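Small disclaimer: the values here were computed from a predicted structure and weren't measured.
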Amino acid sequence: MGIASEASQGRKLHSSVVKLPLPLSRELLHLISMAVSVFKVLGFFVGFFLIVGLVSSAKFDELFQPSWALDHFAYEGELLRLKLDNYSGAGFQSKSKYMFGKVTVQIKLVEGDSAGTVTAFYMSSEGPIHNEFDFEFLGNTTGEPYLVQTNVFVNGVGNKEQRLNLWFDPTKDFHSYSLLWNQRQVVFLVDETPIRLHTNMENKGIPFPKDQAMGVYSSIWNADDWATQGGRVKTEWSHAPFVASYKGFEIDACECPVSVAAADNAKKCSSSGEKRFWWDEPASSELNTHQSHQLLWVKANHMVYDYCSDAARFPATPPECLHHSHRH
């Protein structure tokens, strides 16, 4: 998963009573009655469109389960804390697999000296030709910025790292980290700002991940052989435990039963006829103008590494980098 290691976030409504002339009140009542009828019809369709195969929740235990080091988990109300010490890190995974949709978690990263540590949030399928979308938060020494590394694996092949620093301190508060995935694109978002776009370019002969259901995972672990300044700065265990905090777990995606064949899941999770999924709508098929400008701003001001520009690693430019769709 890394460059040197590929290991697998009310207001009160005020109303005032207005006395209306009686004829106008009757008119309003008629209009309200008509509106209610319309909304009932719309409500049926909205309910039908959104309920098919979708899961959404903000509770950890409804969507996820610990996958290792249960004694390094701490639950505090709606907060989950994962601990890394010199004995172990910790990780969790979704109870189900999904195909297309959006997953989000809010994370507050390790405060203070986090050098050598990695907190990861990612989606992945299984097997040697798996697909994977990674957020990896690379710790640093106190006062130095966290780096966010993203990566995309398609059919088991990764090596598509990008790194950026953030426009805020991710250790001081919770921020949302999201992956949006459909048949047209994969979008990495931070607080709803796109920081990376991976576009379907199958028409150029470039594989795109769209046929394997994926689980959702997160973990904290020691990677001081590569994570901080190329491995030059090691984890200072006297500062342990290193704690990452989580809340706001959301999955708005198509759930895929394990027993169903991949081709059937792809069909089940794609819009057809009267069955429409929001991720297949035009608004989700590409970035809008504002989002495109946000992505350009991130790249111009915060990106510190892009595999597409690394001629030492890739003397021949990777084919997807020749078609700039995934970068702009």
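Rounded to the nearest 0.5 Å, atoms OG (Ser218) and CG (Leu80) are 8.5 Å apart. To the nearest 0.5 Å, the span separating NZ on Lys268 from CE on Met99 amounts to 9.5 Å. One distance of note links CG of Leu179 with CG of Asp134; it measures 8.5 Å at 0.5 Å rounding. Here OH of Tyr177 is found 13.0 Å from OG1 of Thr150. Values are rounded to the nearest 0.5 Å. Taking CG of Leu82 as the reference point, atom OG of Ser245 lies at 8.5 Å (rounded to 0.5 Å). Going from atom CG of Asp224 over to atom CZ of Arg232 covers 13.5 Å, rounded to the nearest 0.5 Å.
Across every non-hydrogen atom of Tyr307 and Arg196, the tightest pair is CE2-NH2, 3.7 Å. Counting all heavy atoms, side chain and backbone alike, Leu287 lies closest to Ser292 at CB-OG, 3.6 Å. When every heavy atom of Thr235 is checked against every heavy atom of Gly116, the shortest pair comes out as OG1-CA, 3.3 Å. The minimum heavy-atom distance linking Asn159 with Phe314 is given by the pair O-CZ, 3.4 Å. The minimum heavy-atom distance linking Val298 with Pro194 is given by the pair CG2-O, 3.9 Å. Here the closest non-hydrogen pair linking Phe135 and Val190 is CE2-CG2, 4.1 Å.
No side-chain donor from either of Thr199 and Gln185 sits under 3.5 Å from a side-chain acceptor of the other. Using a 3.5 Å distance cut-off with no hydrogens or angles, the side chains of Asp169 and Thr171 do pair a donor with an acceptor. Side-chain atoms of Asn182 and Ser284 form no donor-acceptor pair, as typed in the model, at a separation below 3.5 Å. Side chains of Ser124 and Tyr217: a donor-acceptor N/O pair is absent below 3.5 angstrom, by distance only.
Although no hydrogens or angles enter the test, the distance criterion places a donor-acceptor pair under 3.5 Å between the side chain of Thr117 and the main chain of Ser114. Without hydrogens or angle criteria, Asp85 side chain to Ser88 main chain gives a donor-acceptor distance under 3.5 Å. The main-chain N or O of Ser96 is found under 3.5 Å from a side-chain atom of Ser94 such that the two form a donor-acceptor pair. Distance alone, capped at 3.5 Å, is enough to place a donor-acceptor pair between the Gln291 side chain and the Asn288 backbone. Of the possible polar contacts, one joining the Trp181 side chain to the Pro209 backbone as a donor-acceptor pair under 3.5 Å is found. Here the side chain of Asn86 pairs no donor or acceptor atom with the backbone of Trp237 at under 3.5 angstrom. A donor-acceptor pair is defined here as one N or O able to donate and one able to accept, closer than 3.5 Å; no such pair exists between the side chain of Ser125 and the backbone of Ala213. Here the side chain of Lys160 pairs no donor or acceptor atom with the backbone of Pro318 at under 3.5 angstrom. The closest donor-acceptor contact from the side chain of Asn165 to the backbone of Pro145 lies at 3.5 Å or more, if one exists at all. Using modelled atom types, one side-chain atom of Asn200 and one backbone atom of Gln183 make a donor-acceptor pair closer than 3.5 Å.
Counting heavy atoms from C-beta on, the side chains of Asn151 and Phe133 never come closer than 4.5 Å. Counting only heavy atoms from C-beta outward, the side chains of Thr141 and Val233 approach each other to under 4.5 Å. Residues His130 and Phe153 have side chains in contact (heavy-atom distance under 4.5 Å, counting atoms from C-beta outward).
Tyr75 and Leu63 fall within a single hydrophobic cluster, where Ile, Leu, Val, Met, Phe, Trp and Tyr are joined by side-chain heavy atoms under 4.5 Å apart, directly or via other members. Ile220 and Phe73 fall within the same hydrophobic cluster, defined by Ile, Leu, Val, Met, Phe, Trp and Tyr side-chain heavy atoms under 4.5 Å apart, directly or through other members. Under a hydrophobic-cluster definition in which Ile, Leu, Val, Met, Phe, Trp and Tyr are linked whenever side-chain heavy atoms come within less than 4.5 Å, directly or via other members, Trp278 and Met123 are assigned to the same cluster. Follow the hydrophobic side-chain contacts under 4.5 Å out from Tyr87 and you never reach Val118; the two are in separate clusters.
Partners of Glu281 according to the salt bridge (charged side-chain N to carboxylate O under 4.0 Å, His left out) rule, which considers only residues two or more places apart in sequence or in another chain, are Arg276. Here Lys102 pairs with Glu192 under the salt bridge (charged side-chain N to carboxylate O under 4.0 Å, His left out) rule; sequence neighbours left out. Partners of Cys269 by disulfide bond (SG atoms under 2.5 Å apart), not counting sequence neighbours, listed by chain and number: Cys254.
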Q) After noting the C-alpha distance and the side-chain angles of Leu180 and Phe188, does the key distance pass the side-chain contact (heavy atoms from CB on, under 4.5 Å) rule? A) CA-CA 7 Å; Leu180 186 154; Phe188 294 69; over 6 Å; no

For Lys95 and Glu62, what are the C-alpha separation, side-chain angles and deciding distance, and is it a salt bridge (Lys or Arg N to Asp or Glu O under 4.0 Å)? CA-CA 8 Å; Lys95 294 180 177 179; Glu62 290 180 1; over 6 Å; no

Decide side-chain contact (heavy atoms from CB on, under 4.5 Å) for Val243 and Val110; before the verdict, give the C-alpha distance in whole Å, the side-chain angles of both, and the deciding distance to 0.1 Å.
CA-CA 5 Å; Val243 178; Val110 177; 5.7 Å; no

message = Run Glu111 and Phe242 through side-chain contact (heavy atoms from CB on, under 4.5 Å) and show every step you take.
response = CA-CA 8 Å; Glu111 292 190 65; Phe242 304 99; over 6 Å; no

Inset, instruction - Take Leu197 and Leu295, measure what side-chain contact (heavy atoms from CB on, under 4.5 Å) needs, and give me the verdict at the end. - result: CA-CA 8 Å; Leu197 173 65; Leu295 181 59; 3.9 Å; yes

(message) Set out, in order, the CA-CA distance, both residues' side-chain angles and the distance that settles salt bridge (Lys or Arg N to Asp or Glu O under 4.0 Å) for Glu255 and Lys97, then state yes or no.
(response) CA-CA 6 Å; Glu255 188 173 6; Lys97 299 284 195 295; over 6 Å; no

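A salt bridge between Glu320 and Lys204 is absent, with no side-chain N of the basic residue lying under 4.0 Å from a carboxylate O of the acidic one. Salt-bridge annotation for Glu161 and Arg313: present, with a side-chain N of the basic residue lying under 4.0 Å from a carboxylate O of the acidic one.
Remark: Lys267 NZ is loosely packed, at most 12 non-hydrogen atoms of other residues, nucleotides or ligands lying under 6.0 Å away. The environment of Phe168 atom CZ is dense: over 12 non-hydrogen atoms of other residues, nucleotides or ligands sit within 6.0 angstrom.
A cation-pi contact, defined as under 6.0 Å to the ring centre and within 45° of the axis, is absent between Lys108 and Tyr246.
Aromatic rings of Phe137 and Tyr146 (six-membered ring for Trp) have centroids beyond the 6.0 Å cut-off, not under it. Aromatic pair Phe100/Phe277: ring centres not closer than 6.0 Å. The aromatic ring centroids of Phe92 and Phe60 lie less than 6.0 Å from each other.
Note: Trp167 and Trp297 have perpendicular aromatic rings, judged against thresholds of 30 and 60 degrees for the angle between ring planes.
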